[in-house]
Amino acid sequence: MKEGISRRTFMTGSAGVAAVASGVGSARAQPDMAKLPGKGLRVAVLEYPDRWTKESIGAGKLLGQAGMTVTQLDITRPADRQYGGVDLIVFGSFVNNAEPYRLYIQTHSKSLRSFVDAGGVVLEMTQSDQFGNSVAYLPKGVEVIRGDRDLNDGYPIDSKHPIINHWLGDNAGRFSKNDIDRGNVNWESVDRWEGMKVLLASEANGGSPCLLEAAHGKGRFLVSGLWVDKCFDNSGKVSVSDRALKHGKVFFAAVAGYTALVKTGKAPDVKATPMPSEPPTGPMIGHTDTNRTRIWFRPSRADHKRLDWICKMTDEDGQVSKFETKLDPDHDFTAVVDVKGLSADSSYTFTIQPRGEDGYNALEGSFKTPPSNNKPTKVTLGMGSCAPSDPNRIWTQVIKEGCDGFIFLGDTPYVDTSDLGVARAKHREFLAQPEIHEMIKRVPCWGTWDDHDFGRNDGHGDFKGKHTCRTTFTEYRANATFGHDANGNMQPDRFGNGQGIYTSFRYGPIEFFLLDPRWFSRTEKSWADASQTTCLGKQQWQWFKKALLASKATFKCITTGMIWDDKKNSEKDDWGTYHYERDAIFDFIKQENIPGCLLLGGDIHVSRALNYGPRVGYDLWQFIISPMHHRVIPSLNVPHPNLVHAAAEPNVFLKMQIDTTVTPATLKATWVNLDGKRIFEVNTDSEKLRA
């Protein structure tokens, strides 16, 4: 699913920024045009129509309406040597999507600092974090790192600041996306900053800023998560509501007026806002079987110098065992504790703290091991794809439904970059959300990837950035194995010269085979048809055949992020593209008479259940679970002769219940939303999944 464009295109409205205080009223009245705040000032603007905002522009036009003389930034000249001289430089929203912006910053960062030092103002509107999450031209000691979160609220942190006061007034409270008829208040929120004052933020305590300021010499740097500039289409026609347009006008009038204050030395002093200390991420319980578990964690930045850590594991009888691990500075200070010697179907609690520091506020969690493989039992597992990186109670519902474990089916999270720092930040952001944090510290988790955590929409094995995204995936997951190593053996270590991320695990009566259809695709000829290119690759196929044939589990879930059909759109990341390998898998199951097989997929932002009839000698089901976030794509809910159930429903996960205490053993799959509503259900049993 094309997240880069579609995750914004499929939002309601045009999406935008903080505007009117709830219950307070509209933005301040448009300033008296006879007293234009920008009169006598010059501004150089760099802006482009962009795909995120339906090819909109507007900064130059809005600043012109504020009385400024507007010129286009000459990207061949330094910032402090623009023709005629300028007082303000503005980089419009999402201009970093364009190569000229990136080249200008690479070439003229020093001149931007000189321009501000001499009394100029630079304003940068929101930018795409996947094209660079840092504001690279800021001076030493000043930093802004953007994330991928799109937030719905804005709180004035300094209501007396000239920009905030002129724009919103000094009585403004909380602002929401509904106040100005757009979508998100804060698009690509700032995750980390240093040396800057927070003026407007999406959290009442100043967290997740959407407008910051830094003093440098006589001038100012302004960095924003706002996109109030995008008010006109490429022909200059208004493309937003009157309410949103008014906010654009007043915001840029406020910027023009503030530039005048800076130029005359009357702007208020800037006292940097300290960033709250970075909390730890995790712990997350990873692969867990009847006698072992892997527990992942990353301590707060303040604890990164403490490299040696102890995990204390307490069993049901109060017996304590200790296990040691080390932070890995080369891998974002993450760590995994490998715990052995556990018992099946048993509960454990644990704490993790630096070695020798008993007074430390330890990381804590609890979990239960799976039942013995051949013991009649009942188990419940959750799974889903396309998950949010913002607070969402869907994770709380997973816990409420009694899930014993959870499988991330891909686009968990959305990474969409080959930049190592950005990818790591997005994994941290995903796992740090409070609701998912509560789930992962008490429910064992496994995961595979789809295109967006692989690194690129509709990504295949020819994507050059895949090695970076594999590194971050292995840094932030705790599967039992991660594909194969350089010698072709399954790789239990998180790091090294590995290929792919495929793995498998058994949980009592069910076994999951998490295939990797991304890494090897288009990299060699297909093992199923030498005239075609591969999807799985020969090495993974050989592993899968052997593992599936050896499985004694009652039910066997063959799992990938992408769906097992043709999506019927322009993208090629589906099993319809590689139908010859898909059909070879089905033929192998039938020829070897392997019972209990099911198919799992995600990706398409639609939930579906398909029954292909006796394709493998018995009814073959595919369960598609997507999305866990709120963005659905009804156009991908296409007709199919084998379709049984379908729903373009937001915030959905799958609850799978297996019962082997009865004969035949039963499997119930229920699509559940974040409120516990049942969307639809499929029931089958071990006899129906047997030739």
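Keep in mind it's a predicted model, so treat the numbers as computed, not measured.
- Between the side chains of Ser526 and Asp529, no donor-acceptor pair of N or O atoms lies under 3.5 Å.
- Every residue two or more places apart in sequence or in another chain that forms a side chain to side chain contact (heavy atoms under 4.5 Å, CB included) with Lys466 is listed here: Phe454, Phe463, Trp519, Thr523.
- Side-chain contact between Ile407 and Leu514: present, with at least one pair of heavy atoms (C-beta onward) separated by less than 4.5 Å.
- Thr377 and Thr660 share no side-chain donor-acceptor pair at under 3.5 Å.
- Checked against a 6.0 Å centroid threshold, the rings of Tyr360 and Trp309 count as neighbours.
- Under a cutoff of 6.0 Å and an axis angle of 45°, Arg615 and Tyr612 do not form a cation-pi pair.
- In this model, a donor atom of one side chain and an acceptor atom of the other lie less than 3.5 Å apart for Thr288 and Thr293.
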Practice problem: Start with the C-alpha distance between Phe367 and Phe350, add both sets of side-chain angles, then the distance that settles side-chain contact (heavy atoms from CB on, under 4.5 Å), and finish with yes or no. | Solution: CA-CA 9 Å; Phe367 65 97; Phe350 64 88; 4.1 Å; yes
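- Residues Glu475 and Thr334 bring no donor and acceptor atom of their side chains to less than 3.5 Å of each other.
- Taking the six-membered ring for Trp, His484 and Phe520 have ring centres closer than 6.0 Å.
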Practice problem: Give the intermediate values and the outcome of side-chain contact (heavy atoms from CB on, under 4.5 Å) for residues Leu620 and Leu599. | Solution: CA-CA 8 Å; Leu620 180 63; Leu599 307 174; 3.9 Å; yes
Side-chain polar contacts of residues 335-343 - donor-acceptor pairs under 3.5 angstrom, sequence neighbours left out - could you list them?
unit_1, atom_1, unit_2, atom_2, d
Asp338, OD1, Arg294, NE, 2.7

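- Aromatic pair Phe408/Trp446: ring centres not closer than 6.0 Å.
- To the nearest 0.5 Å, the span separating CD on Gln539 from CE on Met490 amounts to 9.0 Å.
- Side chains of Trp564 and Asp574: no donor on one and acceptor on the other come within 3.5 Å.
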Practice problem: Begin from the C-alpha positions of Phe653 and Trp395 and carry the test ring pair (Phe, Tyr, Trp, His ring centres under 6.0 Å) through to its verdict. | Solution: CA-CA 9 Å; Phe653 68 96; Trp395 307 109; 8.5 Å; no
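- Between the side chains of His460 and Asp458, at least one donor N or O lies within less than 3.5 Å of an accepting N or O.
- In this structure the side chain of Lys567 reaches within 4.5 angstrom of the side chain of Ile604, judged on heavy atoms.
- Classification of Glu364 and Lys312 as a salt-bridged pair fails, no side-chain N sitting under 4.0 Å from a carboxylate O.
- In this structure, a donor-acceptor pair under 3.5 Å is absent between the side chains of Gln491 and Thr481.
- A salt bridge links Arg192 and Glu143; the closest N-O separation between the charged side-chain nitrogens and carboxylate oxygens is under 4.0 Å.
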Quiz item: Would Tyr414 and His629 count as a side-chain contact (heavy atoms from CB on, under 4.5 Å) if you check the C-alpha gap in whole Å, the side-chain angles of each, and the deciding distance to 0.1 Å?
Solution: CA-CA 11 Å; Tyr414 288 86; His629 58 51; 2.9 Å; yes
Quiz item: What's the verdict on ring pair (Phe, Tyr, Trp, His ring centres under 6.0 Å) for Phe586 and His579, showing C-alpha distance, side-chain angles and the deciding distance?
Solution: CA-CA 10 Å; Phe586 295 170; His579 57 88; over 10 Å; no
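- Side-chain contact between Pro413 and His427 is present, with at least one heavy-atom pair separated by less than 4.5 Å.
- For Asp516, the side-chain hydrogen bond (donor to acceptor under 3.5 Å, both in side chains) test picks out Trp449, with sequence neighbours left out.
- Between Lys426 and Asp129 there is a salt bridge, since a side-chain N of the basic residue sits under 4.0 Å from a carboxylate O of the acidic one.
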Quiz item: Are Lys556 and Leu548 close enough, and set up right, to give a side-chain contact (heavy atoms from CB on, under 4.5 Å), and what steps lead you there?
Solution: CA-CA 8 Å; Lys556 307 167 185 68; Leu548 185 62; 3.9 Å; yes
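- Between Glu401 and Lys655 there is a salt bridge, with a side-chain nitrogen of the basic residue lying less than 4.0 Å from a carboxylate oxygen of the acidic one.
- The distance between the ring centers of Phe513 and Phe544 falls below 6.0 angstrom.
- In terms of modelled atom types and a separation under 3.5 Å, the side chain of Asp411 and the main chain of His452 share a donor-acceptor contact.
- The ring-ring contact (aromatic ring centres under 6.0 Å, His included) test with Trp541 is passed by exactly one of Tyr502, Tyr578, Phe588: Phe588.
- A 6.0 Å sphere centred on CG of Asn361 holds no more than 12 heavy atoms belonging to other residues, nucleotides or ligands.
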